[in-house]
Amino acid sequence: MDHQPAPAPRVSAWSTLGRLVHISRPVLWINTIGTGVLGMWLTGQLLDAAAIPLLLWLTLPFNLLIYGVNDIFDQETDALNARKGSIEGARIEPREVRLIVWAVAITNVPFLVWFLIAYPPAAGLLILLYTLVFVFYSAPPLRFKQRPFLDSLSNAAYGLPLLIVPVALGEPPLWPAVIGLLAWSVAKHAYDAVQDIDEDREAGIRTTAVLLGPRGTAVWSGCWWLASTVLFALVSIPVAAVNLAIAGVLVGWMLVRPTPATGRRLYPVSIAFPYVAGSVASGLRLTKMFFEVYG
């Protein structure tokens with residue numbers, strides 16, 4: 001009797017969507033949508049209809065682009081990384097690459113076309129820059145991830161929504177906040193990479209953290225966080241104080257125990273950092289807006 005091979009298991013649309021959401025690392029969406037919402041509030045609007053497409057893009061679509069592309073080109077090092085496969089990031093299989101590429105294209109291209117049509121040319125150029133930086137952080141031939149210092153500096157792009165949203169809405173950006181967040185993002189990227197030093201070194205990837213080591217990276221990040229604190233102080237002393245306190249804990253702890261294990265131990269604090277600082281900044285901004293209207 002001939003035995004027919006068992007049919008491949010059917011994958012439901014919901015399970016596929018769930019997998020794509022996992023790849024997009026929802027716990028890190030705060031870095032895009034949170035920054036975009038705060039950028040809108042800094043224009044004085046609680047909700048501007050013109051910003052809604054941009055804010056929607058900064059959720060699943062753009063985060064799938066960031067981390068989907070990253071996972072495609074980081075399969076070798078991710079296979080060595082014990083924290084992959086958790087909420088901190090997916091560990092993809094080669095057969096998923098095609099799905100990710102199509103999902104990134106389908107969820108991002110329509111938004112990008114709309115932005116180029118609907119928003120001022122300066123906003124369109126900033127959005128394209130924002131997109132390309134994150135694509136080529138992971139993808140060859142540029143692959144910023146493997147270029148010490150450039151890997152960290154390129155991640156300043158996480159602060160760009162604070163500039164993009166006002167420009168898209170035809171409003172002036174709050175420059176100290178924008179530049180401060182760009183500096184903050186440089187610091188956080190390098191610091192978070194300390195936990196992956198061993199895996200990156202084994203895979204032949206030279207990051208800023210691999211080059212400087214845990215102690216040197218703590219100094220590098222500390223300098224950028226200090227610069228961001230000074231710039232935030234020009235906008236809000238409470239936000240600057242919170243930023244300095246959390247950054248001080250992260251940098252100080254790493255200087256005392258300079259190992260990748262310390263980076264892994266402190267990563268939950270690093271994840272919480274933008275939630276805490278962003279909540280303080282947002283709360284103060286919303287309070288100011290409330291009193292401007294009802295005071």
Identify whether Val27 and Leu17 are in the same connected component of the hydrophobic contact network (ILVMFWY, side-chain heavy atoms under 4.5 Å). yes

Once you measure the plane-to-plane angle for Trp57 and Phe115, does it fall in the parallel (<30°), tilted (30-60°) or perpendicular (>60°) bin? perpendicular

Got Pro166 and Leu42 here, is their nearest side-chain heavy-atom distance under 4.5 Å? no

Under 3.5 Å, is there a donor-acceptor pair between the side chain of Glu202 and the main chain of Glu199? no

Are the side chains of Val37 and Ser282 in contact, using a 4.5 Å heavy-atom criterion? no

Path from Met254 to Leu226 over hydrophobic side-chain contacts below 4.5 Å: no

Is the side chain of Asn63 donor-acceptor paired with the backbone N or O of Arg25 at a distance under 3.5 Å, no angle test? no

Spacing of CZ belonging to Phe232 relative to CG belonging to Leu234, to within rounding of 0.5 Å: 10.5 Å

Where Val210 and Ile205 come nearest, the two heavy atoms and their spacing: CG2-O, 3.6 Å

Test side-chain contact (heavy atoms from CB on, under 4.5 Å) on Trp29 and Leu58 and set out the steps. CA-CA 8 Å; Trp29 288 11; Leu58 292 173; over 6 Å; no

Atom pair CG (Leu182) and CG (Leu162), whose distance is rounded to the nearest 0.5 Å: 8.5 Å

Under the side-chain contact (heavy atoms from CB on, under 4.5 Å) rule, what do Val178 and Leu231 come out as? Steps first, then yes or no, please. CA-CA 9 Å; Val178 172; Leu231 289 160; over 6 Å; no

Are Asp71 and Glu96 close enough, and set up right, to give a side-chain contact (heavy atoms from CB on, under 4.5 Å), and what steps lead you there? CA-CA 10 Å; Asp71 288 348; Glu96 294 181 292; over 6 Å; no

Under the criterion side-chain contact (heavy atoms from CB on, under 4.5 Å), I'd like the reasoning laid out for Val97 against Gln75: C-alpha separation, chi angles, the key distance, then a yes or no. CA-CA 10 Å; Val97 169; Gln75 292 180 69; 3.7 Å; yes

How close do Leu28 and Ile271 get, heavy atom to heavy atom, and via which atoms? CD2-CG1, 4.4 Å

Minimum heavy-atom distance between Ala51 and Leu169, given as atom pair plus value: N-CD2, 3.9 Å

Expected list for residues 116-140: side-chain donor-acceptor pairs under 3.5 angstrom, two or more places apart:
| residue | atom | partner | partner atom | Å |
| --- | --- | --- | --- | --- |
| Tyr119 | OH | Ala50 | O | 2.5 |
| Thr131 | OG1 | Ile127 | O | 2.9 |
| Tyr137 | OH | His189 | NE2 | 2.8 |
| Ser138 | OG | Asn70 | ND2 | 3.0 |

So if you build clusters from Ile, Leu, Val, Met, Phe, Trp, Tyr with side-chain heavy-atom gaps below 4.5 Å, do Ile106 and Tyr67 land together? no

Please report the interatomic distance CD1(Ile92) to NE2(His22), rounded to the nearest 0.5 Å. 12.0 Å

First locate atom CD1 of Ile23, then atom CD1 of Ile100, and finally report the distance between them rounded to the nearest 0.5 Å. 4.0 Å

Is there side-chain contact between Phe290 and Leu286, with heavy atoms separated by less than 4.5 Å? no

Can you see whether Asn155 engages Ser185 through a side-chain donor-acceptor pair at a distance of less than 3.5 angstrom? no

Looking at every non-hydrogen atom in both residues, tell me the closest pair between Pro110 and Ala105 and how far apart they are. CD-O, 3.8 Å

Hydrophobic cluster identity match, Trp224 and Trp184, side-chain contacts under 4.5 Å: no

For a quick test of reading the model, state the closest non-hydrogen atom pair linking Tyr191 to Leu250 and the distance between them. OH-O, 2.6 Å

Flag the pair Leu38 / Leu181 as yes when at least one side-chain heavy-atom distance between them is below 4.5 Å, and no otherwise. no

Under 3.5 Å, is there a donor-acceptor pair linking the side chains of Asp48 and Thr43? no

Can you tell me how far CG of Asp200 sits from CZ of Arg206, rounded to the nearest 0.5 angstrom? 12.0 Å

In one Ile/Leu/Val/Met/Phe/Trp/Tyr side-chain cluster, 4.5 Å: Leu47, Val165: yes

Student check: side-chain heavy atoms of Leu20 and Leu99 closer than 4.5 Å: yes

Is there a side-chain contact between Ile33 and Leu55 (heavy atoms, below 4.5 Å)? yes

As an exercise, state the distance from CG of Leu211 to CZ of Phe149, rounded to the nearest 0.5 Å. 5.0 Å

Indicate whether the side chain of Ser152 and that of Trp220 have a donor and an acceptor atom separated by less than 3.5 Å. yes

What are the two closest heavy atoms between Val239 and Ala281, and how far apart are they? CG2-CA, 3.6 Å

Are any non-hydrogen side-chain atoms of Leu255 and Val251 less than 4.5 angstrom apart? yes

Could you check whether any side-chain heavy atom of Val186 comes within less than 4.5 Å of a side-chain heavy atom of Tyr158, counting everything from C-beta outward? no

Side chains of Thr262 and Thr259: do they bring a donor and an acceptor to under 3.5 Å? yes

